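Reviewing the structure listed below.
Keep in mind it's a predicted model, so treat the numbers as computed, not measured.
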Amino acid sequence: MPGMDTPGIDMDVIDTLVGIKPGSALDAIRNRRPDARNQAQASYRALFAPEIPGEVTSTERFAVATFVTGLHGGAETASFYAARLAASGASPDLRRAIDTAIAAAKGQGPYGSYPAGPLSREDTIGPIHRVAAEIRHALGSRLAAAFDHMHLLVYHPRDAAPAALQVLLDAGWSTTDIVTLSQIAAFLSFQIRVVAGLRALAGAA
């Protein structure tokens, strides 16, 4: 099965998001760890342009990425994935629904509770998000369930439980699909932090 056709997939996404030019000081910093640089790009390619896509479509991958980066709030990263979502063929109605879902789901966090013990003093109560019915209809059951789960991972990582996975299964995501969703969430968290760190270095320079 051929891989997904994603425009610009061979460009280094972190370099693009930070604005790193060949030969610049930040380029030299990244070149000190070439394996980390290459692996970050390979992870992006594996998640967003896999050779064997499986059952998770390109539009679903970029829809989830747009939602997650929208929750995290990095404007450049969120804009990048929103553009990739549009390029994947997502309809204007779907893109508007995702924008509405992001606006409704944004919070502070992290929330949640630790098992009873010394860390319990850090327990923080926060809202459990559910996509509104009218937006759920526009997104479809699969994406609506995925967005609820991504909100859990972003804002309530301490509260993740088997019941949350069952909701995804009931919405039509397979166990392999759920692994892909979790990998996308983890990768984006990493990518956003790397971009923020490199931007801070650029500002200091």
Side-chain angles (χ1 to χ4, degrees), residues 1-54 56-92 94-96 98-99 101-103 105-106 109-110 143 146-147 150 153-155 157 176-177 179-205:
M1 183 182 298
M4 295 177 177
D5 182 15
T6 304
I9 197 66
D10 290 329
M11 67 181 178
D12 188 293
V13 176
I14 290 175
D15 282 359
T16 299
L17 292 172
V18 180
I20 296 175
K21 304 298 184 184
S24 66
L26 288 181
D27 186 45
I29 288 173
R30 292 204 73 199
N31 278 335
R32 293 175 189 171
R33 300 186 61 189
D35 288 346
R37 187 177 203 169
N38 292 335
Q39 287 167 8
Q41 182 62 18
S43 295
Y44 172 82
R45 189 179 297 108
L47 290 170
F48 295 103
E51 292 185 3
I52 303 176
V56 186
T57 68
S58 178
T59 294
E60 287 175 330
R61 291 168 191 265
F62 284 114
V64 168
T66 300
F67 182 74
V68 170
T69 54
L71 295 185
H72 279 285
E76 295 84 1
T77 306
S79 294
F80 172 85
Y81 284 103
R84 300 280 77 75
L85 173 64
S88 77
S91 70
L94 176 58
R95 302 202 305 272
R96 282 192 293 270
I98 292 170
D99 288 342
I102 292 168
K106 275 190 175 180
L143 277 181
F147 284 11
M150 292 300 105
L153 295 182
V154 172
Y155 289 126
T176 301
D177 297 341
V179 170
T180 298
L181 293 176
S182 298
Q183 289 173 331
I184 288 172
F187 171 75
L188 292 171
S189 179
F190 156 79
Q191 187 184 64
I192 288 166
R193 284 159 175 75
V194 170
V195 168
L198 289 169
R199 283 185 170 274
L201 285 174

Which distance, rounded to the nearest 0.5 Å, do you find between the [atom1] of [X] and the [atom2] of [Y]?
{"X": "Ile20", "Y": "Leu198", "atom1": "CD1", "atom2": "CG", "value": "5.0 Å"}
{"X": "Ser43", "Y": "Asn38", "atom1": "OG", "atom2": "CG", "value": "10.5 Å"}
{"X": "Arg199", "Y": "Leu26", "atom1": "CZ", "atom2": "CG", "value": "10.5 Å"}
{"X": "Ser189", "Y": "Leu71", "atom1": "OG", "atom2": "CG", "value": "11.5 Å"}
{"X": "Asp15", "Y": "Asp27", "atom1": "CG", "atom2": "CG", "value": "6.5 Å"}
{"X": "Leu85", "Y": "Ile98", "atom1": "CG", "atom2": "CD1", "value": "4.5 Å"}

If you define the side chain from C-beta out and look only at heavy atoms, does anything of [X] sit under 4.5 Å from [Y]?
{"X": "Leu94", "Y": "Leu143", "result": "yes"}
{"X": "Arg193", "Y": "His72", "result": "yes"}
{"X": "Val68", "Y": "Ile184", "result": "no"}
{"X": "Ile14", "Y": "Tyr44", "result": "no"}

Give me the atom names and distance for the closest heavy-atom approach of [X] to [Y].
{"X": "Thr66", "Y": "Ile102", "result": "O-CD1, 3.5 Å"}
{"X": "Thr16", "Y": "Met11", "result": "OG1-SD, 3.7 Å"}
{"X": "Ala105", "Y": "Phe67", "result": "CB-CZ, 3.8 Å"}
{"X": "Gln41", "Y": "Val13", "result": "OE1-N, 3.0 Å"}
{"X": "Gly70", "Y": "Lys106", "result": "O-CE, 2.9 Å"}
{"X": "Val195", "Y": "Thr77", "result": "CG1-OG1, 4.4 Å"}

Treating Arg61 as the side-chain partner and Ala49 as the backbone partner, does any N or O pair qualify as donor plus acceptor under 3.5 Å?
no

Decide whether Arg84 and Ser88 meet the rule of one side-chain donor and one side-chain acceptor closer than 3.5 Å.
no

If the condition is salt bridge (charged side-chain N to carboxylate O under 4.0 Å, His left out), which residues does Asp177 pass it with, not counting sequence neighbours?
Arg142

My understanding is that only residues two or more places apart in sequence, or in another chain, count here; which of them pass salt bridge (charged side-chain N to carboxylate O under 4.0 Å, His left out) with Arg95?
none

In terms of ring plane angle, is the pair Phe48 and Phe62 parallel, tilted or perpendicular, where the classes change at 30° and 60°?
parallel

May I have the step-by-step check of side-chain contact (heavy atoms from CB on, under 4.5 Å) for Tyr81 and Gln191, ending in yes or no?
CA-CA 12 Å; Tyr81 284 103; Gln191 187 184 64; 2.7 Å; yes

Checking Arg33 against Arg37 for the side-chain contact (heavy atoms from CB on, under 4.5 Å) test, could you report, in this order, the C-alpha distance in whole Å, the side-chain angles of both residues, the deciding distance, and whether it holds?
CA-CA 6 Å; Arg33 300 186 61 189; Arg37 187 177 203 169; over 6 Å; no

